[in-house]
Structures are given as structure tokens and as C-alpha cells.
Amino acid sequence: MQKFNGMQDFDFTTRLGDLILKNPVITSSGTYGFGEEYTDYCSPAYLGAITVKGITPLPRLGNPVPRLAETPSGLLNSVGLENPGLEDFLRSYLPKLSNLHTAVIVNISGFSLEDYALLASALQDYASPNNSTNITSNSSGIAALEVNISCPNIKHGGMAFGTNPKNAEEVIAVVRKNTNLPIIAKLSPNVTDIAEMAKAVESGGADIISLINTLLGMSIDIQTQKPILANKMGGLSGPAVRPVAVRMVYQVYQAVPLPIIGMGGLTTWQDAVEFMLAGASAVSVGTANFLNPLAPLEILSGLEEYCTQRGYNSIRKLVGLAHRTC
Amino acid sequence: MQKFNGMQDFDFTTRLGDLILKNPVITSSGTYGFGEEYTDYCSPAYLGAITVKGITPLPRLGNPVPRLAETPSGLLNSVGLENPGLEDFLRSYLPKLSNLHTAVIVNISGFSLEDYALLASALQDYASPNNSTNITSNSSGIAALEVNISCPNIKHGGMAFGTNPKNAEEVIAVVRKNTNLPIIAKLSPNVTDIAEMAKAVESGGADIISLINTLLGMSIDIQTQKPILANKMGGLSGPAVRPVAVRMVYQVYQAVPLPIIGMGGLTTWQDAVEFMLAGASAVSVGTANFLNPLAPLEILSGLEEYCTQRGYNSIRKLVGLAHRTC
Amino acid sequence: MYLQERVVENRLIGYPDQGIYKLVLYGQVAKSAKPGQFVHIQVSDTYDPLLRRPLSIAGIDQDREEVTIYYRVAGKGTDLLTRISVNEQVSALGPLGTGFTIPHTGELLLIAGGIGVFPLYSLIQVLSTAKVSVKLLWGGENQEFLESADFNYLKYLGVDYEVSTLDGSLGYQGLVTDLLEKELKTSKTPTGKEIKSARLLRAAACGPRGMLKAVTAICLKNDIPVEVSLEERMACGIGACLGCVCTVRGKDGNLKRKRVCKEGPVFDGEEVAWDAEV
Amino acid sequence: MYLQERVVENRLIGYPDQGIYKLVLYGQVAKSAKPGQFVHIQVSDTYDPLLRRPLSIAGIDQDREEVTIYYRVAGKGTDLLTRISVNEQVSALGPLGTGFTIPHTGELLLIAGGIGVFPLYSLIQVLSTAKVSVKLLWGGENQEFLESADFNYLKYLGVDYEVSTLDGSLGYQGLVTDLLEKELKTSKTPTGKEIKSARLLRAAACGPRGMLKAVTAICLKNDIPVEVSLEERMACGIGACLGCVCTVRGKDGNLKRKRVCKEGPVFDGEEVAWDAEV
Ligand SMILES: Cc1cc2nc3c(=O)[nH]c(=O)nc-3n(C[C@H](O)[C@H](O)[C@H](O)COP(=O)(O)OP(=O)(O)OC[C@H]3O[C@@H](n4cnc5c(N)ncnc54)[C@H](O)[C@@H]3O)c2cc1C
Ligand SMILES: Cc1cc2nc3c(=O)[nH]c(=O)nc-3n(C[C@H](O)[C@H](O)[C@H](O)COP(=O)(O)OP(=O)(O)OC[C@H]3O[C@@H](n4cnc5c(N)ncnc54)[C@H](O)[C@@H]3O)c2cc1C
Ligand SMILES: Cc1cc2nc3c(=O)[nH]c(=O)nc-3n(C[C@H](O)[C@H](O)[C@H](O)COP(=O)(O)O)c2cc1C
Ligand SMILES: Cc1cc2nc3c(=O)[nH]c(=O)nc-3n(C[C@H](O)[C@H](O)[C@H](O)COP(=O)(O)O)c2cc1C
Ligand code: FES
Ligand code: FES
């Protein structure tokens with residue numbers, strides 16, 4: 001196990017509004033299973049938080065295979081929100097998550113406003129008791145909800161909630177009505193104006209913004225002359241998308257006062273510094289886990305070294321520095 | 001020089017509406033200078049067409065340096081439309097372009113509708129005489145205009161023309177009013193709905209659609225804690241963006257009946273096949289020229305081999321095959 | 001469990017145009033490896049290609065702390081792997097997945113298609129051939145392929161085998177499934193005992209999906225339980241991304257997903273929903 | 001002009017932690033290479049890193065058809081370059097750019113900062129030192145650096161030189177621009193002639209931008225024409241992308257862009273608009 005808190009007086013505490021984490025390194029929804037898969041390599045107790053796979057009201061089989069296609073420095077996936085559904089999640093997964101000694105963020109996905117309302121109110125009952133004063137960790141229950149608004153809205157022709165500001169605001173407002181948990185609105189990058197989306201979810205009542213979800217992409221097999229993914233299109237993640245993600249974090253930081261969780265191609269501690277300079281208060285590690293299960297730990301120790309070498313006694317000093325004008 | 005037309009009866013002729021090219025391989029605006037830079041490595045006479053750097057009414061110095069930043073499998077640039085301006089282009093560059101024995105596409109960029117109108121009508125006088133019946137090549141003059149609508153609209157708060165369907169339609173309509181040359185509308189990928197943009201430029205009177213232009217991105221230097229590009233943000237190109245480009249070509253092919261020039265990370269002949277299967281009638285090579293000046297020639301010979309091995313006697317057989325349902 | 005292994009051997013074996021390499025790794029993986037499991041190897045430091053590559057464990061030497069892997073160069077990733085030199089460290093997650101059931105008695109029929117033979121090598125290696133009668137049926141493109149895929153090692157293992165090639169250059173000309181049908185049609189079991197008393201006959205197979213489907217159908221028709229080792233594109237390799245699923249039919253008749261990297265790569269042939277397209 | 005060059009030598013020289021390599025390429029480049037020009041090298045087959053890397057030509061041997069390059073490992077690209085073995089082919093565009101003016105008489109003062117000395121090596125090498133008096137002023141971090149950057153080769157070339165280091169571990173302690181000021185303050189020209197008759201004194205410099213700016217100011221104050229070799233991030237390397245521009249002031253007083261890869265990398269120090277921020 002790597003050591004990453006050498007300097008006793010370095011303050012790793014990360015404040016995302018009322019959500020207070022012991023450090024800024026989170027793992028991303030859909031890339032870290034239900035927290036148990038990576039325990040052989042990296043104890044979740046070292047992480048600021050983990051985000052579980054997107055949960056829907058009912059169980060979902062997801063898309064057929066192939067679900068993965070590799071692209072230059074990127075990965076296309078079309079898992080299609082395979083998940084055990086709310087009931088089984090609460091029964092079989094949440095209890096185990098509470099043993100991991102880290103803050104648990106539950107990612108929720110829906111295909112209608114009702115779906116989101118149902119998930120929010122059901123999960124409210126499992127809220128972690130101490131989510132507004134203490135560091136959220138070592139505590140059972142859910143620390144925050146991350147609302148995945150990149151899902152297609154079945155009632156509106158399948159256009160994703162997250163690509164229209166009005167719909168995005170509505171989804172967040174519905175979740176707000178049904179929970180006291182901190183709400184993280186997860187933005188889709190497949191939009192013309194990310195700042196406008198950030199303002200919309202702020203109006204809806206989001207406490208925190210996370211971005212980016214995957215970029216919509218496609219890859220075609222020239223032998224079969226068909227899309228590689230059974231679902232044809234999929235979400236692009238990994239280092240390839242990092243410049244787009246950093247740009248969006250930078251824009252959202254200027255557009256709204258909400259704290260930001262930055263992600264998208266974040267693979268090394270240098271990338272984590274880049275996202276924090278752009279304006280992220282915390283960072284989330286996704287595809288990088290597949291390349292290197294130790295990535296979250298290496299990012300933690302790199303962040304600390306970067307800060308202490310520059311005499312910053314707190315991780316919070318980094319946030320948004322790239323916006324300084326001189 | 002590579003041989004790439006081994007099969008005498010293979011038909012490389014590429015039809016983009018009235019614009020007929022000897023083959024489907026074009027070089028992209030901003031990556032091939034004014035056609036002369038690469039002549040030591042690859043004779044433009046072998047190409048279907050070359051596209052010149054974006055021209056504006058007045059000369060532009062463009063952005064300060066650094067203008068380039070490398071990202072995983074990608075390149076960020078912020079050249080900022082440096083160009084000699086219309087007058088000097090016509091005087092010093094166009095005559096030389098006519099000696100290259102290939103079709104010349106002039107990329108035009110403006111910051112107001114008036115700019116586009118001015119460029120279109122001035123360039124109309126240099127139209128290549130035989131643009132609608134013969135293969136456009138060996139001929140002096142301009143074969144087509146490519147309208148870059150990714151530029152900021154100065155009169156509308158700097159929002160790019162290409163991110164709003166109404167504005168995009170207007171720009172194309174203005175160009176249409178001022179030219180008989182084939183109009184290629186070049187779409188920006190920084191939009192929520194690329195199909196909607198394609199329909200808008202179709203309504204405006206575009207004959208051909210080219211896509212994608214660069215994705216807006218950013219990269220921050222963790223030593224200086226500032227964006228690497230002097231202009232802060234830049235356009236992402238190269239293999240990293242290919243899955244997004246292929247997806248958009250696929251979507252536009254389904255949305256409008258116009259011929260498509262596919263580009264975005266296209267580097268090898270395999271990539272060219274992928275774009276054509278997705279629906280492109282021609283392909284354009286951009287960043288790949290920087291990696292391999294022989295890329296356009298290698299793509300040509302690869303395309304021919306792929307087709308002849310499968311018994312296709314014409315390059316046009318490839319177009320859109322990935323849309324077959326069985 | 002995040003393991004740096006030292007490369008002991010990494011070289012082309014057999015005919016160059018077959019592109020088959022033997023890779024021997026020294027380290028922790030060997031300590032707990034079981035036949036049918038795999039390692040997930042990082043082939044380079046760059047992001048292109050991005051992902052690790054799954055490769056089956058074909059030989060296990062616990063004393064020397066070495067595992068043997070055979071791989072065929074298929075693209076960019078395996079090509080980069082060939083450039084790693086002896087004594088370099090590679091990052092290999094593993095051993096991963098569940099592996100084959102190892103019978104301690106009775107008879108075992110192994111069916112391999114192409115490079116699918118590799119995981120079966122390790123199964124043969126760990127079996128006590130004194131107690132279990134083993135026979136391998138192996139189909140390949142042609143003689144050059146079979147010889148390049150370390151046919152000699154198979155002979156050295158001393159098990160009973162029969163091979164088929166598409167072009168007839170070695171063994172039976174045709175598919176390995178033909179060999180299997182023929183094998184089961186004889187009144188004797190593959191290893192010579194009466195078929196009626198063959199309660200302890202089991203099968204294990206690895207190869208292309210189409211072949212495994214056919215093998216499963218033949219085995220089930222003959223009431224022989226069969227395990228199949230599946231391949232699927234993988235990202236994490238440890239069950240976290242749900243990229244590599246296989247569709248199975250649960251006891252209740254409902255379709256479910258299982259992860260090839262975690263609940264597999266070895267599955268009970270009967271549970272796999274071979275024709276599911278959901 | 002798209003050239004495959006064969007690697008004749010590629011090895012670390014000097015202290016390992018200085019990370020300086022010598023690379024010798026056999027092929028077409030040597031035939032027409034001029035001092036100050038560069039090659040644009042493809043460091044690997046993958047897309048990460050994506051771009052070629054520009055490296056100055058430090059030695060030219062037309063008879064053996066070899067060019068020598070020195071490079072310091074700075075990141076992913078140069079690191080991959082170290083892994084290329086002798087006898088492998090690399091793709092190198094070049095020779096590119098315009099290069100230094102080569103005086104055939106008079107005196108030449110060379111000013112180098114750090115690894116900026118490398119292109120000057122080739123200039124020294126081609127000069128007829130019988131006809132041109134040359135003196136090199138070279139500043140570096142410390143002795144270890146200077147020695148690793150093939151100081152011995154410089155001594156072997158037999159030109160007059162003076163060095164400075166930041167820590168005083170070799171030569172004068174301080175900046176190379178101090179050396180330059182001192183040099184020009186003496187009543188003698190660097191090569192010993194009277195300064196008043198120094199009509200044929202010229203200067204050429206390569207190093208970090210800040211240093212080149214200071215060198216230019218000092219030279220111009222002393223009425224010495226100076227050529228500077230600039231660095232800029234490059235994509236195409238041949239003038240097609242406009243990524244690598246340098247801002248110059250035209251004769252008409254207006255700012256203009258020139259391409260470092262095409263009109264440069266060597267510029268007249270006087271024309272460079274050192275403070276332009278447009
Ligand atoms: C559990 C498991 C065990 C394996 N064991 C071995 C082994 O012992 N020896 C061996 O040589 N190979 C084995 N493979 C296959 C091996 O992983 C692939 O050949 C390798 O990943 C290809 O990588 P590449 O970069 O060289 O080729 P790529 O360029 O990635 O692909 C080359 C071709 O293979 C296809 N492909 C890539 N990955 C997969 C995949 N996972 N499943 C199906 N098709 C794929 C691609 O579509 C493409 O057509 C195994 C695969 C799995 C899932
Ligand atoms: C005309 C020219 C001639 C050169 N000649 C030599 C030479 O003879 N020997 C030598 O060792 N180096 C030379 N360089 C510099 C060399 O090209 C870079 O060090 C190299 O490209 C770095 O690549 P990398 O992948 O190792 O590092 P990267 O990871 O790309 O970069 C490492 C660091 O260098 C910076 N950097 C990268 N490229 C450039 C650039 N073009 N200009 C300024 N900063 C950059 C990056 O921002 C980063 O901080 C020359 C550069 C130019 C433009
Ligand atoms: C295999 C996979 C599955 C994912 N599943 C989800 C999901 O269920 N919900 C969600 O909000 N995001 C999901 N994502 C998106 C990631 O959480 C993350 O936003 C994205 O991958 C960008 O980050 P990265 O480049 O670091 O992976 C998934 C990503 C991958 C690669
Ligand atoms: C350095 C550079 C300059 C460019 N300049 C222009 C331009 O002037 N006009 C334009 O329409 N597109 C311009 N582009 C965009 C390209 O034409 C192309 O659309 C984009 O780079 C995607 O293709 P690629 O990934 O193959 O490079 C430029 C791209 C690069 C890399
Ligand atoms: S590869 Fe990720 S779950 Fe199997
Ligand atoms: S690097 Fe492209 S113009 Fe100089």
C-alpha cells in the first residue's frame with residue numbers, strides 16, 4: 001500500500017458544499033463496480049469517496065455485447081446501464097458498501113421524471129447520518145446522490161435529459177424535492193453550451209456539479225462493415241477526452257459558484273492537478289482504474305507532493321488557480 | 001512515389017453533387033498550407049482535392065504562441081485563422097494553386113454575414129470553368145467553397161455561427177446568394193445535435209457537408225499553472241476525436257441526403273474505410289499530414305486495395321455500407 | 001494483487017508467419033494460478049493502445065514461481081508485447097477468473113479450436129493422468145499452425161490426442177466438432193471404457209464461440225457435462241466495468257448476465273444462452 | 001524528401017542523470033544538411049505521443065552520409081527515442097529550415113545557452129577556421145551538464161571558447177550574457193583584433209528565449225549583427241500548419257509572423273519582435 005500522507009499537517013479535507021470528504025479523490029460511476037472489486041489492489045478506505053454504478057428503479061440487463069471498443073487513447077462503452085435495480089441494490093449491495101469505510105455516492109439514472117423521484121425518495125432513507133458537519137467516511141449509508149442526466153428521456157423521443165437545460169433543471173428539481181442528501185448533478189459533454197447546463201442544474205437545486213460524462217462516439221469494424229458495439233454508438237472515455245473535460249470544468253467554474261468534481265480521462269496525478277487548477281474541488285478516476293488499479297492512490301500521493309513542494313498546506317489552495325489573470 | 005491505381009478498371013471518381021473529383025482523398029483546411037508545402041513529399045496532383053487555409057476578408061496575424069499543445073492521441077491548436085487576407089490570397093497564392101493540377105477548395109471564414117458575402121462574391125470570379133461535368137482537376141481556378149462556420153459571430157456576443165442552426169442556415173444562405181460554386185458547409189462538432197445542424201445548412205442551400213471541425217479543448221501546464229495555449233482554449237484534432245467524428249458522419253448520413261466529406265482523426269486507410277462505411281463520399285486528411293506526409297497517398301492505395309479485394313469496381317460502392325440493416 | 005512480474009522468456013516459437021510467442025513470467029501469479037485463469041497484462045506505457053490485454057495461463061510452475069503464456073500477434077497490443085525484453089518487469093493483474101473444474105477421477109475429454117488449446121495445456125499439466133483419463137481433440141488451420149502452437153509440448157505431456165486441420169495437412173481434414181461426433185459415436189468412450197458406464201465422463205473446451213456452441217450441443221446430446229472457456233473484449237478484467245458479459249439462463253429460466261472476467265472465463269456450457277441477442 | 005534514416009548510434013553520453021543522448025543517422029539527410037537546420041523525427045508507431053519531434057543537426061558528415069544529433073530526454077517523446085536500436089529505421093523529415101549564414105571571412109562570436117550549443121557544433125564544424133576566427137561562449141547549469149553535452153567534442157574542434165556555469169563548478173560563475181558583455185567590453189575583439197576594425201564581426205546564438213533576447217540587445221548595442229536560433233512547439237515542421245510562428249517587425253514597422261520551421265529556426269536577431277504579445 002502506498003503512503004500518501006507523509007506531511008502530518010497537510011490538509012486533504014475536501015469541501016463540496018455540505019459534503020465533506022477526507023480527500024479529493026473519488027472513483028467514477030460504472031468504473032468501480034460496487035466498491036468491492038478493487039479491494040485487492042486499493043482499499044476504498046483511502047479514497048475520498050466511491051461512486052457506484054448507475055442504479056435504476058428496476059433491474060436492467062443492459063446492452064448486448066460487444067460493449068467495448070478501444071480507440072486511440074480512448075475507450076467506447078455501451079454497457080447500457082446494466083444494474084441490479086433499486087431493491088436488490090438496497091438489499092445486497094448497500095450493506096457491504098457501508099463496510100468499506102469511505103463515503104458512498106450513489107449514481108442514479110432514470111428514463112422519466114418519476115424514475116428519478118422514486119430513486120431519490122427511496123435512497124433518502126439510507127442517508128449517512130453525518131453528512132453536513134463531519135468528514136463523510138467511516139460512516140454507514142449514503143453520502144450523496146449523483147444524478148446521471150445523460151440518459152434518454154423515453155417520454156420525449158429519447159433525447160437525453162442532459163442535453164436540454166429545461167429538462168436537466170426539471171430532473172434536478174424533482175430529485176431535490178425528494179431528498180435532503182447533497183445532490184451532485186452529472187453533466188453530459190454532448191452539448192453546445194456547458195455553462196448553460198451548469199446554470200440550469202444550479203437553478204434546479206444541485207449542490208455540486210460533476211463532469212464530464214462520456215462523449216458520444218462510434219467505431220466501425222472494416223471487416224464486418226458494421227459498428228463494433230452491438231448498440232452501435234457508445235460513450236467515449238479515457239485520456240483522449242481529457243482536453244474537452246478540462247475545458248468544460250474551466251467554463252463551468254466561471255459560470256456557476258457550485259463546487260465541481262472533475263473527471264474525464266484523468267489518469268495521473270498530473271492530470272488531477274490540471275483539473276483542480278481548472279476549477280475542480282475534487283477529482284474522479286474512471287477509465288484509469290482499468291489501466292492501473294493503483295491510480296487513485298498514486299494520484300493522492302502525487303497531489304500531496306505537488307502541494308507540499310509549493311508550500312500549500314491544504315489541497316483546497318489548488319482549486320481554480322488557472323483562472324488567475326496575472 | 002507510391003502507385004495506387006494498379007487496377008486499370010477501378011473507378012476512383014468521386015461525386016459530391018456537381019463537384020466531381022478524381023478520387024475521394026482531400027487534404028483539410030489549415031493542415032496543408034496553400035498546397036505547396038508538401039510537394040516535396042506528395043504531389044497534390046495525386047489528390048482528389050486540396051483545401052486551403054481559412055481565408056478572411058482582411059489579413060490576420062492570428063493568435064500569439066504557444067499555438068499548439070499535444071494531448072493523448074490528439075493535438076490542440078489555436079492558430080486563430082492567421083491568413084494573408086482575400087486580396088493577397090488572390091494575388092499571391094491562387095495563381096500558384098492553379099499549377100498543382102488538383103481541385104482547389106477554398107475555405108472561407110468570417111466574423112459577420114457581410115464577411116461571408118464579400119468572400120463568396122469575390123471568389124466567384126475565380127471559379128474553375130468546368131465544375132459540373134468534368135472531373136475537377138488539372139483546371140485553374142476554384143472548384144468549391146468550404147464555409148467554415150465555426151468562427152465566432154462578433155455581432156452576436158462571439159457565439160460561433162456553427163453552434164446555432166438559425167445562424168448556420170443564414171451564413172450558408174448568404175454564401176449561396178453570392179456564388180454558383182458548389183458550397184461545402186463545414187460543421188462544428190461542438191453542438192448538441194449535429195443532425196439538426198446538417199438540416200439547417202441543407203435549408204441554407206449547401207451542396208455538400210464536411211465534418212468535423214475541431215472539438216473545443218484546453219490543456220493546463222501544471223508548472224506555470226496557466227493554460228498552455230496563449231489563447232487558453234483551442235481546437236482538438238487527431239486520432240483522439242475519430243470516434244466522435246465517425247458517429248457524427250453516421251448521424252448526418254441518416255439526417256440529410258447531401259454528400260459528406262468525412263474528417264476528424266482520419267490517419268490510415270483503415271480509418272478512411274471506416275468514414276466511408278459511416279456515410280462519407282470523400283475523406284479529408286488533416287492532422288495526419290503532420291505525422292506522415294505520405295498519409296494521403298497511403299490512404300489512396302489502401303482504399304483501392306480494400307475495394308478491389310472485395311470486388312467493388314468503384315469507390316462509391318463503399319459509401320454508407322455500415323447502415324445496412326442485415 | 002497488483003503484480004509486477006519479471007519476463008523470463010518472450011520469444012517467437014514455430015513458423016514466423018504464425019506469429020505465436022511464448023512468454024514466461026516470474027512472480028506472484030504462479031503461486032495461486034489455476035488452469036483456465038488468465039492474466040491481464042499492460043503491454044506498454046503509452047495510452048495507445050489504452051487497455052491491458054487478457055492472456056490465458058497455459059503453464060504453471062509453482063516451484064519456480066513461473067507461469068507460461070502463449071500468445072498470437074493479433075494487433076497493436078500483442079505486437080507491443082513482443083518488444084518487451086527478458087528481465088524487464090511487466091504489470092500483470094492475476095491470476096484472474098475462475099478456471100476449470102479439475103476432476104480427480106474419471107475421464108476428461110478436451111476440445112480445442114485454434115489458440116484455444118493454450119488454457120487446456122495448463123489443465124492437462126495439473127491433472128493427475130494416473131487417476132484421470134484425458135484425451136484432447138484439437139482443430140487448427142493447418143500443420144504449420146499446430147506445430148507453431150507448441151504441438152511438441154502437447155506430445156511431451158503424454159496425453160492421448162487427435163488433431164484436425166482445415167486443409168488436411170495434419171490429421172483429419174475438417175472440423176474438430178467432426179472429431180468429437182466421431183469420438184462419441186464409437187461404442188467405446190474416448191478413453192476406452194464402455195460408454196454406458198461413463199458416468200464420470202466430462203468435457204472442457206476452448207475456442208471460437210461458434211465452435212463452443214456446437215461442442216456444447218454435441219456434449220449435451222450425449223449427456224456429457226461440458227465446461228467452455230469464453231472470450232470477450234475486456235476493460236477492467238476484474239468485474240468492475242461490466243464490459244465483458246456473457247448471457248446465461250438462470251435456473252428460473254430468466255436471462256442473466258455474468259462477467260466473463262469474474263464468473264468466467266469458464267462457464268458451464270449448459271447455462272450459456274448461446275443464441276440470446278439481448 | 002520523406003526519409004527513412006538508419007540509426008548508426010543512439011546512446012547516452014556523459015552522466016546518466018543529465019539524460020543526454022547522441023544519435024547518428026545514416027541516409028539522405030546528410031547530403032544537403034546545413035548548420036542550423038533540423039530534422040523532424042517520428043519517435044514511435046503509436047499515437048501517444050502523437051507528433052514528430054524536432055531536433056537540431058549538430059554534426060554533418062557528407063562522406064559517410066551521416067548526421068549527428070544530440071538530444072536531452074525531456075518527456076515521453078525523447079524517452080521513446082532512446083529505445084530505438086542501432087540499425088533500426090526511423091522516419092526523419094529533413095533537413096528542414098533555413099540554417100545559419102556561414103561567413104567565409106572575418107570573425108564569428110557564438111553564444112550558447114544549455115543544449116542550445118548543439119546546432120552551433122555543426123556551424124563550427126563546417127566553418128573554415130583558417131579564414132574565420134571563431135569564439136564560443138557557452139553557459140550551462142553546472143560542470144556535469146557541460147561535460148555530458150559533449151564538451152570534449154568542442155575541445156576537439158579546436159576553437160576558442162569560454163564557459164560559464166550557474167554554480168561556478170566550471171568556468172565563470174554566472175550567466176553567459178555576462179561573458180558576452182565582458183567580451184565586448186575589452187578593447188580587443190573576441191578574437192584579438194582591434195574592435196574599431198571589426199567590421200566583419202558577426203554573432204550567432206542559440207538557447208532559451210530570454211537569453212537570446214538579452215544577447216540580441218547586447219549585440220545590437222555593440223553594432224554586431226546577430227543570428228538567433230529559436231525554438232517553438234511544432235506540428236508539421238514544414239510550414240503547413242502555422243503552429244510555430246515567431247513575430248517579427250517588418251521593414252515597414254508592421255508586425256508579421258514568420259514560421260520557425262520554414263523561415264527559421266534561425267532569424268536575424270534584429271527583426272524578432274521580442275516583446276510582441278499579439
Ligand atoms: C480470457 C481471455 C484469454 C485469452 N487468452 C489468450 C491467449 O492465451 N493467447 C492469445 O493469443 N490470445 C488470447 N486471448 C485473446 C487476446 O486477448 C487478444 O488477441 C488480444 O487482446 C488482441 O490484442 P491486440 O492489441 O494484439 O489486437 P487488437 O488490435 O486489439 O485486435 C485484433 C483483433 O482481435 C479482436 N479482438 C481484440 N480483443 C478481443 C477480445 N478480447 N475478444 C475477441 N476479439 C478481440 C479485434 O476486434 C481485432 O479484430 C484471450 C482473450 C481473453 C478474453
Ligand atoms: C528547431 C528545434 C530544434 C531542437 N533541437 C533540439 C536538440 O538538438 N536537442 C534537444 O535535446 N532538443 C531539441 N529541441 C527541443 C526538443 O524538440 C524537445 O525537447 C522535444 O520535442 C521534447 O519532446 P518530449 O516528448 O521528450 O517532451 P514533452 O513531454 O513533449 O515536453 C517536455 C517539456 O518540453 C516542453 N516542450 C516540448 N516541446 C517543446 C518545443 N518544441 N519548444 C519548447 N518547449 C517544448 C513541454 O512543454 C514540456 O515542458 C529542439 C526544438 C526545436 C523546435
Ligand atoms: C464502462 C463504463 C461505465 C460507465 N457507467 C456509468 C454510469 O452507470 N453512470 C454514469 O453516470 N457514468 C458512467 N460512466 C461514465 C464515467 O463515470 C465517467 O464520467 C466517464 O467515463 C469519463 O471519465 P473517464 O474518462 O475517467 O472514464 C461509465 C463509464 C465507463 C467507461
Ligand atoms: C493547425 C490546424 C489549423 C486548422 N485551420 C482550419 C481552418 O483554417 N479552417 C477550417 O475550417 N478548419 C481548420 N482546421 C480544422 C481541420 O481542417 C479539421 O477539420 C480538423 O483538424 C479535424 O481533422 P483532423 O483530426 O484530421 O485534423 C485546422 C486544424 C488544425 C489542426
Ligand atoms: S472486463 Fe470489466 S467486468 Fe469484465
Ligand atoms: S510546425 Fe507547422 S508551420 Fe511550423
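By convention in this document, chain letters (A, B, ...) are assigned in the order of the sequence lines, proteins followed by strands, and residues within each chain are numbered from 1. Keep in mind that the numbers below use all heavy atoms, side chains included, and drop hydrogens, waters and symmetry copies. Here the structure is a predicted model, which is why all the values come from computation and not from measurement.
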Return the minimal non-hydrogen interatomic distance between B:Phe290 and D:Cys236, and the atom names on each side.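 The answer is CD2-CB, 3.5 Å.
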Do you know the tightest heavy-atom contact between B:Trp269 and B:Leu303?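 Heavy atoms of B:Trp269 and B:Leu303 come nearest at CB-N, 4.1 Å.
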May I ask you to name which of [options] has the most heavy-atom pairs under 4.5 Å with chain D?
options: B:Ala240, B:Gly30, B:Ser73, B:Gly33; answer: B:Ser73
options: B:Asn289, B:Leu75, B:Thr287, B:Val79; answer: B:Val79
options: B:Thr71, B:Thr267, B:Asn77; answer: B:Thr267

Hey, what's the ring geometry for B:Tyr38 with B:Tyr32, parallel, tilted or perpendicular (30° and 60° as the breaks)?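 The rings of B:Tyr38 and B:Tyr32 lie parallel, inter-plane angle below 30°.
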Exam field: side chain D:Arg257 to backbone B:Gly62, donor-acceptor pair closer than 3.5 Å: yes
Looking at D:Ile238, D:Asp48, D:Thr46, which makes the most heavy-atom pairs under 4.5 Å with chain B?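 The candidate making the most pairs under 4.5 Å is D:Ile238.
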Going by side chain to side chain contact (heavy atoms under 4.5 Å, CB included), D:Glu141 matches just one of D:Leu146, D:Thr165, D:Leu166. Which one?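 Looking at D:Leu146, D:Thr165, D:Leu166, the match for D:Glu141 under the side chain to side chain contact (heavy atoms under 4.5 Å, CB included) is D:Leu166.
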Relative to chain D, which segment of B:Leu81 carries a heavy atom at a distance below 4.5 Å: side chain, backbone, both, or neither? neither
Contact class of D:Lys256 relative to chain B, heavy atoms under 4.5 angstrom: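 Interface part for D:Lys256: backbone (N, CA, C, O).
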